[in-house]
Trainee: 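To start, I am sharing the structure in question, which I have written as structure tokens.
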Amino acid sequence: MILKQYNAAYELLEKNSHNIPNKIAFEDDVEKISFLELKIKVQNFSFSLLKSGLARNDKIILCMYDTVDFPICFLGSIWAGIIPICVNTMLQKNDLKYMIDDSNAKAVICSNELLKIFSEIKKENNKNFFIYSNFNDGDHKEVKNFFNIKEMFSKKESNHPPAQTNKNSPCFWLYSSGSTGKPKGTIHLHQSLINTAQLYAVNILKIKESDVFYSAAKLFFAYGLGNSLTFPLYAGGTSILVKDRPTPELVANVIKDKSVTLFFGVPTLYAAMLNNNLNVKNFETVRLSVSAGEALPEHLCKKWHDVIGSKVLDGIGSTEMLHIFISNKIDDLHPGSSGKPVPGYTARLIKDNNTEAIPGEIGELEIKGPTSAKEYWNKPTKTNLTFKGEWTRTGDKYIKNNDNVYTYCGRTDDMMKVSGQYVSPFEIEAALQSHPSVLEVAVVGKLNKDNLLKPKAYIVLNTNLKDSKKLEKELTMHVKNILTPFKYPRWYEFVLSLPKTATGKIQRYKLRD
Ligand code: 3UK
């Protein structure tokens, strides 16, 4: 069967560059770009990439801060049929080198500030990948095969057509970190970007042309890529891109200065913001917030609504599924839960004995939908473990109730058996979180003197510790009041911070001994 021609970059740009050519699509700390200018620069960049020596299906590492250049380079590569691999700008040299080697990328596009690290990788390893960047004249002239993206953007090739890809052609990659093991190149298809925009952003968030989007999660994460690039382009809204780290102060200022209507954050940020005596007036334009990446504790969900006056929708997404597939809805909100499957996706919970869990039973979440990655690059064993035909395994334990509402119970490998029963570290964390002295908490299993696994809590306090024995007693009482009593932590350790992945997920395995 021959599939119709379909290029994701073309699909995202065509309509709005025609209908609302002069509207601002992206705005960063220094510049703005309209829908029409964006399309022109994407075509110019695509043309220049091909002319510089790259070919269809070549891979290119894209390591850039959140600026207007990101969407031009990402979409320009896709327009050319070249496969961009978005990577985290905070990675160390050896991780970046790993990804260049693993993917066999022919080239790198990076922000000016990251030129140094890639030039070093190139020289130290005698590699000949091309580097594309917005360098200033005189910068890094010593490195071979350097191209200035700003010059490429203005090449005047606006008749340059998109590559003849189809819905199922590989489009771009993201590296999935997981909590252990080497990062895996996750191959996404052309159809997936627009499917996330339609199924989640239009149907659940009700995105529209008047929306101003701001995501604290950066563009190189799947979460940020949807929030700040795919969704605003699809809706014809405006996306605010910010290079700096999203501190509570910065986020509040951006929201106020740019009159943001849709805000996307992660639970840790919501906790920090609510702990920061927010000026509620800053948030008047926000019509809806979104939380993902980790489960949003019930009390934070309620408190955000009480303080800000608009709702926050918790939803679970993954790098493998590209964006959110189970979510709360504006008129169907369940604080403390992930909500219901997003229409267009099907979810199931699989028990240890390989049968499906019924309501009230815990199982591992598997998901089916039109945005799943095709496979992990060059990792057949991991691919077969995660992608089972139409179903994609998440590695998460969930429980659903009779109303089909899904509640997170922790990563599969974080689950504990305490007193013979499955205990999710997450429910103990959620209980501890609701205590006024607790800022952040991670719970892991630890063996007691009888070699039985019991919960231990690592806690970051939001006050100075005065009397630890007294506080421990108080916390235990607090947990016993909320949960089945045997779930209370047998040990407490008060720490200044918790170990986390680059995407802000607690690395519980590092706390286990
Ligand atoms: C966890 C959640 C409970 C869960 C992501 C939105 O986080 C994203 O992708 P990652 O590949 O991680 C996936 C894993 O993170 N998780 C994410 N959201 C929630 N757990 N409640 C949630 N709301 O373990 C999942 O398997 O980094 C989030 C959109 C796109 C994404 N890629």
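Throughout, numbering of the chain's residues begins at 1 and tracks the sequence. Every number for a ligand or one of its atoms is a count from 1 in the order of the listing. Because only heavy atoms are used, hydrogens play no part in the values below, and waters and symmetry mates are left out as well, while side chains stay in.
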Trainee: Which ligand 1 atoms, with their elements, are less than 4.0 angstrom from a heavy-atom of I324?
Mentor: 6 (C), 29 (C)

Trainee: May I ask you to check whether A295 has an N/O atom sitting below 3.5 Å from an N/O atom of ligand 1?
Mentor: yes

Trainee: Looking only at protein heavy atoms, identify the closest one to atom 31 (C) of ligand 1 and say how far it is in Å.
Mentor: S318 N, 3.5 Å

Trainee: What about S291: any of its N or O atoms under 3.5 Å from an N or O on ligand 1?
Mentor: no

Trainee: Out of Y406, F426, Y223, indicate the one that has the non-hydrogen atom closest to atom 29 (C) of ligand 1.
Mentor: Y223

Trainee: So which atom in E11 and which in I194 form the shortest heavy-atom distance, rounded to 0.1 Å?
Mentor: CB-CD1, 3.3 Å

Trainee: Examine K382 relative to Y376 and say whether NZ or CZ is less than 6.0 Å from the centre of the six-membered ring and inside a 45° cone about the ring axis.
Mentor: no

Trainee: Which atoms of ligand 1 have any heavy atom of T394 under 4.0 Å away?
Mentor: 26 (O)

Trainee: Would K182 pass as a cation-pi partner of Y98, given that its NZ or CZ must be under 6.0 Å from the six-membered ring centre and within 45 degrees of the axis?
Mentor: yes

Trainee: State whether W491 and K446 meet the cation-pi test: NZ (Lys) or CZ (Arg) under 6.0 Å from the six-membered ring centroid, and within 45° of the perpendicular axis.
Mentor: yes

Trainee: Heavy atom of L322 under 4.0 Å from ligand 1?
Mentor: yes

Trainee: Just to check, does G315 reach to within less than 4.0 Å of ligand 1 when the distance is taken from its heavy atoms?
Mentor: yes

Trainee: Between W377 and W173, what is the ring plane arrangement, given parallel below 30°, perpendicular above 60°, and tilted in between?
Mentor: tilted

Trainee: Identify the closest protein heavy atom to atom 24 (O) of ligand 1: which residue and atom is it, and at what distance?
Mentor: D396 OD1, 2.5 Å

Trainee: Considering only non-hydrogen protein atoms, determine which one is nearest to atom 8 (C) of ligand 1 and report residue, atom name and distance to 0.1 Å.
Mentor: G317 O, 3.5 Å

Trainee: First locate atom OG of S228, then atom CZ of F221, and finally report the distance between them rounded to the nearest 0.5 Å.
Mentor: 11.5 Å

Trainee: N/O of A222 under 3.5 Å from N/O of ligand 1, yes or no?
Mentor: no

Trainee: Is atom CZ of F283 surrounded by more than 12 heavy atoms (other residues, nucleotides or ligands) closer than 6.0 Å?
Mentor: yes

Trainee: Counting from 1, what ligand 1 atoms have a heavy atom of Y408 closer than 4.0 Å?
Mentor: 3 (C), 20 (N), 24 (O)

Trainee: Got more than 12 heavy atoms from elsewhere within 6.0 Å of NZ, K93?
Mentor: yes

Trainee: Less than 4.0 Å is my threshold; does some heavy atom of K505 fall inside it relative to ligand 1?
Mentor: yes

Trainee: Among protein heavy atoms, which sits nearest to atom 18 (N) of ligand 1, and what does the distance come to when rounded to 0.1 Å?
Mentor: G293 N, 2.9 Å

Trainee: Report the nearest protein non-hydrogen atom to atom 10 (P) of ligand 1: residue, atom name, distance rounded to 0.1 Å.
Mentor: T319 OG1, 3.5 Å

Trainee: Surrounding CD of E390 (heavy atoms of other residues, nucleotides or ligands, distance under 6.0 Å), is the total greater than 12?
Mentor: no

Trainee: In Å and rounded to the nearest 0.5 Å, what is the OG to CG distance from S337 to L296?
Mentor: 10.5 Å

